[in-house]
Every structure is written in structure tokens, then in C-alpha cells.
Asker: 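Here's a structure for you.
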Number of protein chains: 2
Amino acid sequence: MSIQSRRERERAERHQLIVTAARELAEAEGWDAVTTRRLAARIEYSQPVLYSHFRGKEAIMKAAALEGIGELAERLRAARQGEPDPAAAMRAFAAGYVEFATRQPALYAAMFTLTSDLSFGTADSPDTLRAAFAEFTATVRPFARPGVDLETLAETFWAALHGLVALDGSHRLRPGRTADRLTLLVDRFLC
Amino acid sequence: MSIQSRRERERAERHQLIVTAARELAEAEGWDAVTTRRLAARIEYSQPVLYSHFRGKEAIMKAAALEGIGELAERLRAARQGEPDPAAAMRAFAAGYVEFATRQPALYAAMFTLTSDLSFGTADSPDTLRAAFAEFTATVRPFARPGVDLETLAETFWAALHGLVALDGSHRLRPGRTADRLTLLVDRFLC
DNA sequence: ATTCTGAATCTAGCAATGCTAGGATCGGGG
DNA sequence: CCCCGATCCTAGCATTGCTAGATTCAGAAT
């Protein structure tokens, strides 16, 4: 009992160690630099150990992405609940989203541009993803109009934010105007 | 003279052949399937020939992306000019954008999610990119309000469209509601 | 205390990738 | 008819993700 539980605990710790190391390495040098060899060296184990925890590199990225979505949801909830006024809440919400993505671009990429499955608002999603999407619907609800589906509005708002983050992060928009674009976008969803 | 020009012509044809083959292969099986070996086999040349035309695989993708941006610009211009009313033009424009991305997802990915450089509205862009971005500013101009920068508005509109396309294309939004989201988004930029 | 057992871990290797060096080949010019 | 230079291919490199087999080591049983 005791010995087996210790092993399970060590295993869980190493699982987390892998994900954390992958995130750090990706944030420092990009996901291309996260090779299984470098990752194994970083956690001071041999390569095959990774495969006793994850099916492969993609699974590691997916685990990191899921972790990131959980953290994003918490961040968004704090931003939303920090402002009593719905409009102010939405502004804080959007700013929080952009800041999260800007501060951890590699993690954000794993969450929404590199990983292919890992949905968000679909029905068969894990709880973490559902909860994250719920932050969007909650933020957007005060501005829903009759005849418009609430989830459709939330999806659209999310997509618009994601577009800003994605294009800005790949330097496709003029630098230094991120805030302008964000306020412009949010205003469009407020009116 | 004649002989050299023939060689240059053949070279240009092969250049185009490579890009076309890459696009076809990518559209059929994704960019991961576009290996230099398969691509070389497809154009019935050996691998190193690719490197006498392009610096590497990334350069080939970039060439395909640039070609795609040119085609997108033409598509957008047609959609925009096909409708005299500014609002209708914007709707057609947005629908054209989404349709282009949906019909050629791999090409779109090369244009705006995989390739990292290749900007669009920045000052030092090639003419093709500038022209494409100009389609956005032209479409959005009738709805610009005093105090809002026109290019900022265009960038934001583009980003929002891109977000819809990107998330929808990776199955992160509920299927079958693409049109709803699009009209909702465009309405926000019309009012 | 010693041997057995099974899990945990590593070494070594595979096929596939992007890319390159070197030689072969082939056509045009002398 | 021969040479020369551009063109093209064969062969190979290092690196990638991933896996099979051997090895080691901790705990159990005698």
C-alpha cells in the first residue's frame, strides 16, 4: 500500500515535471526546440521514460495545452469578476485574454494553433475546457440580444480575440497598436 | 540569347511546377506530408533540384503562401466590387474570405498560421501583400468613424475574420454554425 | 543472508526528415 | 570531334520521433 502509493506519487511528480519542462523549453526557444532528447536531458532521465508517461510528443504538447487552458480560465474568471459593471468586465476580460497569450506565446500556440483536437466549447469536451468556455458565455451574456444564440455570440467573441492574438503574435499587424485594436474590437461587441 | 531565354523559361516553369505540386500535395494530405522527397518524386526530379530553386522547404511554403495571398486579393476584390452597397459589399467580402479559407485550408494555413514572417499590412511588405491589405481598407472605409484610424479598423476586421476561420478550421467551434457566426461578426462592424 | 522476480530504466538502433557534397552526364561552343 | 560548363543525380550527413532488447535494481520469499 505505502510503497505502491509512493511509486504512484513519484510517477505523478515526474509526469508534471515533464510537462513543466516542456513548457519552459517551449517558452524559451519555441516548440521546435522541444525535442524528445532535449526534454529527456532536462528532466535527467533517458528518452524512453517520456513514452512511459505520454504516447508521444504530441501528447506532451496536449497536456501542456490543457494545463494552459485551465490557467487561462482562472485568469479570465478573475478579470471578469473583478469588475461589477458588465462593460468594464468585458474590457478586463479581453485585456486579460490578450495578456495571457502575450506573456506565454508558446503555451498559447500549443493551446489554440498547434494542437489540432482539443476543442473548447463542444459538447464532448473535458470539464476544464467546458469551464473555460463558460467564462466567455458569462462575460458576453449581458450583451446578448434576443434572437442571437448566446453560445454563438461567445464563440464569435472568442474567435475575434483569438484572431487579434494570433496575427499580432506572428507580427502580421502593425506593432504598437495592439491596445487600439483591442478597444476597437471590444467596443464593437458592446454597442 | 534564344537558348538562354529558353533555359530561363524552363526554369521558371519548373519553379511554378514545384509550387503547384507542393500546394496540391499539401491540400490533399497536409503540409506534414509535403516532404522534399515526395515533392521531388511528384515533379519527377531528384531532391536537390528543389534546392536550386528554393532555399529550403520553408521557402517553398512561403512561395505558395504568397501565391495564395495574390489569389485571395483577387477574390476579395471581386466580392467587394460585385456589390454597390457598402454593407452588402462587406458581407460579400467576408463571405468570400471565409470561403477561400475553407476551400483551401492548407493554402490558408501556409499564408497565415504556418509561415512566420510574410506580413500583410506593414510598410515593408511586397506589393502583393500591400494590395491584399488594401482590399480590407477599401471595404472598411465606409464604416470608419472619426477618431478611429482606418488601418486599425481594417486590421481588426481582418483579425476577427481570421480568428473565425482559424478556430473553425481546427474544429474548435460548434460545427454547422459558421454562417451564423459570420453574420453576427459582420453586423458588429456594420453598426 | 541469499536468491528470485518483476518492474523500472537505459543503451542502441530504426526509419524518416531536411539538407548537402561530390561525381556523372549531357548539351552547346570552339 | 573534343572540350567545358552547367545541370542533375547518387550517396550520404545529422537530427528527428519512436521502439526493442538488455540491464539494473528494489522488494519478496526461502
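First the proteins, then the strands, lettered A, B, ... as listed; each starts at 1. No experiment lies behind these values; they were computed from the predicted model shown.
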Asker: Is B:Trp31 reaching over with its side chain to a backbone N or O of B:Ala106, donor-acceptor style, under 3.5 angstrom?
Answerer: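 Indeed, once roles are kept as given, a pair shorter than 3.5 Å links the two residues.
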
Asker: Less than 4.0 Å between a side-chain N and a carboxylate O, is that true for A:Arg23 and A:Glu67?
Answerer: yes

Asker: Expressed in angstrom and rounded to an integer, what is the separation of B:Met61 atom CE from C:dC19 atom C1'?
Answerer: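 Answer to the nearest Å: 17 Å.
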
Asker: Give a yes/no verdict on a cation-pi contact between A:Arg14 and A:Tyr45, requiring under 6.0 Å between NZ or CZ and the six-membered ring centre and an angle within 45° of the axis.
Answerer: yes

Asker: Can any side-chain N or O of B:Glu135 pair as donor or acceptor with the backbone N or O of B:Ala73 at less than 3.5 Å?
Answerer: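 Not at all, since once roles are kept as given, no pair shorter than 3.5 Å links the two residues.
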
Asker: Would you say B:Leu153 and B:Phe136 make side-chain contact, with heavy atoms under 4.5 Å?
Answerer: no

Asker: Expressed in angstrom and rounded to an integer, what is the separation of A:Leu50 atom CG from D:dT19 atom C1'?
Answerer: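 Distance check: A:Leu50 CG to D:dT19 C1' gives 13 Å.
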
Asker: Which parts of nucleotides 8-18 of chain D does protein reach within less than 4.0 Å, heavy atoms only, written one letter per nucleotide 5' to 3' as B for base, S for sugar-phosphate only and - for none?
Answerer: SBB-B---BBB

